[in-house]
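Quick one: the structure is below, questions incoming.
All of these numbers come straight from a predicted model, not from anything done at the bench. Along the sequence shown, residues carry numbers from 1.
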Amino acid sequence: EGLLKIHPVSIRFRTGLTAEQRQSLCGEMEKTGAGLVQSGVLPYVYYLEGAAGVSGLPGFSEGMFTVQDVNSALAVEAAGIRGGDFVVDVCAAPGGKSVLAAETAARVLARDRTPQKAELIRETADRMGTNNVTVQVYDGRVTDEGLVEKADVVLLDVPCSGLGVIGKKRDIKYRVKSENIKEIVKLQRQIIDASWRYVKPGGILLYSTCTVSVGENEEMVRYISNELPFDPVSLDDVLPEAALSARERLSAERVSLGKTSRAGLTKEQSLACIQLLPGYAEGDGFFIAKFRRRV
């Protein structure tokens, strides 16, 4: 039911803005007839309704905000990026995560596989005023030997079935089939296998999707932590209480229905990931998992 509801557009203000500056911009937007409601998860994310379009709103062309789902921003928060980190965003288009990472003063290498996608990233980075994002066209299925063990953080927001965004893309429920998901899982595995070596020993791999499929989510957690040199990292210390409470509510309801842990994850693996579902949490259906490369 939550997935099928039409969700409002989610906008993410530049993190350097003060609360007063955000409120001032919201006031300007409301004068155009738009309605804004602040997220209960991340204070710099707002839900927008009643606007004729985003690009014409006050502050957009000046790079004061961008369109980004709260859970997409949450994935970057979960990575724990610090100033001075070198971040590789492997499947970066349209650039929201890369730009948010860059706002922490990190150096970001943002890649995607076509010139068209690279241009989307470049447009977002330029409009938001970030000069520490390098954009390249590169196929994530191929290992770049020059990047091996160079990244403090690798963001892997891989292509997925998109089942978590049915509320915004209604056609997904008509065109996604089980055989499609099997092919997507193969692609995801190729990207993981090609990219994990970019992480320095002791560095972070942040895996995310906008879907709810066990094969694309929890089973990838098992693969990364069982087959690759990574340990799961608990999200309890990096996610806001609102997101953690949503996870606990979902887990409690599963237990009450007699359902076991999805994909048979260990306790450590379960704490390292979160399935965010409409109806239980804000925003789109989204999955986040965090790992640290063994030294």
- Item | hydrophobic_cluster_shared for Ile191 and Val142, side chain cutoff 4.5 Å |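 Both belong to a single hydrophobic cluster.
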- Looking only at heavy atoms, what is the nearest atom pair of Val88 and Ala151, with distance? CG2-CB, 3.8 Å
- Side-chain contact test, heavy atoms from C-beta onward, threshold under 4.5 Å: evaluate it for Ile11 versus Leu36 and give yes or no. yes
- Message: Could you work out, with side-chain contact (heavy atoms from CB on, under 4.5 Å) as the rule, every residue matching Thr32, not counting sequence neighbours?
- Response: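 Testing Thr32 for side-chain contact (heavy atoms from CB on, under 4.5 Å), a comparison that skips the adjacent residues, returns Ala34, Leu57, Pro58.
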- Query: Do Tyr280 side-chain atoms and Glu248 backbone N/O form a donor-acceptor pair below 3.5 Å?
  - Reply: no
- Task: To the nearest 0.5 Å, tell me how far Leu100 CG sits from Leu155 CG.
- Result: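 Answer for the CG-CG pair, Leu100 versus Leu155, is 9.5 Å.
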- Task: Go through the structure and list residues passing side chain to side chain donor-acceptor pair (under 3.5 Å) with Arg141, not counting sequence neighbours.
- Result: Asp139
- Query: With the 4.5 Å side-chain cut-off for hydrophobic clustering, are Val67 and Met64 part of the same group?
  - Reply: yes
- Message: Suppose we screen for side chain to side chain donor-acceptor pair (under 3.5 Å). Which residues come up paired with Glu28, at least two apart in sequence or across chains?
- Response: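 Glu28 satisfies side chain to side chain donor-acceptor pair (under 3.5 Å) with Lys31 only.
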- Message: Could you check whether any side-chain N or O of Asn132 sits under 3.5 Å from a backbone N or O of Ala106, counting only pairs where one atom can act as donor and the other as acceptor?
- Response: yes
- Message: Minimum heavy-atom separation for Ala79 and Val153, please, with both atom names.
- Response: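 Smallest interatomic distance, heavy atoms only, reads CB-CG1, 4.0 Å.
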- Message: Taking side chain to side chain donor-acceptor pair (under 3.5 Å) as the cut-off, I'd like each qualifying pair that reaches into residues 79-89, sequence neighbours left out, listed once.
- Response: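 Matches after skipping sequence neighbours: Asp89-Ser98.
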- Residues passing the salt bridge (charged side-chain N to carboxylate O under 4.0 Å, His left out) test with Asp193, sequence neighbours excluded, are none
- Message: Could you measure the distance from the CZ atom of Phe60 to the OG1 atom of Thr66? Nearest 0.5 Å is fine.
- Response: 6.0 Å
- Step by step, would you call Lys186 with Arg189 a side-chain contact (heavy atoms from CB on, under 4.5 Å)? CA-CA 5 Å; Lys186 290 179 183 178; Arg189 187 75 64 88; 5.8 Å; no
- Message: Measuring from atom CG of Leu235 to atom CG of Leu244, what distance do you get when rounded to the nearest 0.5 angstrom?
- Response: 7.5 Å
- Task: Indicate yes or no for a side-chain donor-acceptor contact from Thr130 to the backbone of Ala125 under 3.5 Å, with no hydrogens or angles considered.
- Result: yes
- Query: Who pairs with Glu119 by side-chain contact (heavy atoms from CB on, under 4.5 Å), at least two apart in sequence or on another chain?
  - Reply: Arg122, Glu123
- Task: Establish whether Val9 and Val37 are linked, either directly or via other cluster members, by ILVMFWY side-chain heavy-atom contacts under 4.5 Å.
- Result: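 No, Val9 does not connect to Val37 through the hydrophobic network.
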- Item | Shortest non-hydrogen separation from Gln269 to Val221 and the atoms involved |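 Closest approach of Gln269 to Val221: CB-CG1, 3.9 Å.
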- Task: Kindly say whether Thr211 contributes a backbone atom to a donor-acceptor pair with the side chain of Gln275 at under 3.5 angstrom?
- Result: yes
- Minimum heavy-atom distance between Ala102 and Val133, given as atom pair plus value: CB-CG2, 3.5 Å
- Message: Between Phe286 and Ile274, does the side-chain contact (heavy atoms from CB on, under 4.5 Å) criterion hold? Intermediate values first, please.
- Response: CA-CA 8 Å; Phe286 211 85; Ile274 184 169; over 6 Å; no
- Query: Between OG1 of Thr134 and CD1 of Ile121, what distance do you get to the nearest 0.5 Å?
  - Reply: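 So the OG1 of Thr134 and the CD1 of Ile121 are separated by 11.5 Å.
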- Message: Distance check, rounded to the nearest 0.5 Å: Glu241 atom CD versus Asp236 atom CG?
- Response: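 Rounded to the nearest 0.5 Å, the CD-CG separation comes to 9.0 Å.
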- Given a cutoff of under 4.5 Å between side-chain heavy atoms of I, L, V, M, F, W and Y, with clusters grown through shared members, what are the other residues clustered with Met128?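 Members alongside Met128: Val99.
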- Message: In the structure I gave you, are the side-chain heavy atoms of Tyr223 and Leu228 within less than 4.5 Å of one another anywhere?
- Response: yes
- Interatomic spacing from SG in Cys26 to CZ in Phe65 - rounded to 0.5 Å: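 The CZ atom of Phe65 is 9.5 Å from SG of Cys26, to the nearest 0.5 Å.
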- Determine, step by step, whether Arg111 and Asp144 satisfy the side-chain contact (heavy atoms from CB on, under 4.5 Å) criterion, reporting the C-alpha distance in whole Å, the side-chain angles of both residues, the deciding distance to 0.1 Å, and the verdict. CA-CA 12 Å; Arg111 289 175 159 180; Asp144 180 350; 2.7 Å; yes
- Message: A side-chain contact here means heavy atoms from C-beta on lying under 4.5 Å apart; do Leu109 and Phe86 qualify?
- Response: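 Of all side-chain heavy-atom pairs linking Phe86 with Leu109, at least one is under 4.5 Å.
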- Item | Heavy-atom side-chain contact between Asp112 and Leu120 under 4.5 Å | no
- Message: Tell me whether Leu187 shares a hydrophobic cluster with Tyr138, the cluster being built from Ile, Leu, Val, Met, Phe, Trp, Tyr side chains joined at under 4.5 Å.
- Response: yes
Tell me which donor-acceptor pairs under 3.5 Å the side chains of residues 40-49 have, and how far apart each pair is, sequence neighbours excluded?
from  : atom 1 : to     : atom 2 : distance (Å)
Tyr44 : OH     : Glu77  : OE2    : 2.5
Tyr46 : OH     : Gln23  : NE2    : 3.0
Tyr46 : OH     : Gln38  : NE2    : 3.4
Tyr47 : OH     : Glu282 : OE1    : 2.5

- Message: Can you confirm whether Trp196 sits close enough to Val154 that some side-chain heavy atom of one is under 4.5 Å from a side-chain heavy atom of the other?
- Response: no
- Query: Does Gln21 have any side-chain contact (heavy atoms from CB on, under 4.5 Å) partners at least two apart in sequence or in another chain, and if so, which?
  - Reply: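 Partners of Gln21 by the side-chain contact (heavy atoms from CB on, under 4.5 Å) criterion, ordered by chain and then number, come out as Leu17, Thr18.
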- N-O pairing of Lys290 and Asp237 below 4.0 Å: no
- Are any of the side-chain heavy atoms of Asp284 and Cys210 separated by less than 4.5 Å? no
- Any salt bridge (charged side-chain N to carboxylate O under 4.0 Å, His left out) involving residues 11-22? Give me the pairs, sequence neighbours left out, ordered by first then second residue. Arg12-Glu103
- Task: Give the minimum heavy-atom separation between Gly140 and Ala194, together with the two atoms involved.
- Result: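 So the minimum-distance heavy-atom pair works out to O-CB, 3.4 Å.
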- Answer whether the closest heavy-atom distance between the side chains of Val185 and Gln188 falls below 4.5 Å.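 They are in contact (side-chain heavy atoms under 4.5 Å apart), so the answer is yes.
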- Item | Thr209: side chain to side chain donor-acceptor pair (under 3.5 Å) partners, not counting sequence neighbours |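 Thr209: side chain to side chain donor-acceptor pair (under 3.5 Å) contacts with Asn217.
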- Check whether any side-chain heavy atom of Leu277 lies under 4.5 Å from a side-chain heavy atom of Arg249, and answer yes or no. no
- Task: Scan for salt bridge (charged side-chain N to carboxylate O under 4.0 Å, His left out) pairs involving residues 146-162, sequence neighbours excluded, and state none if there are none.
- Result: Lys97-Asp157, Glu149-Arg293, Asp152-Lys200
- Item | Arg292 side chain to Ile204 backbone, donor-acceptor under 3.5 Å | no
- Do you know which two heavy atoms are closest between Pro232 and Phe291, and how far apart they sit? CA-CD2, 4.0 Å
- Item | Side-chain donor or acceptor of Ser10 paired with backbone N/O of Gln68 under 3.5 Å | yes
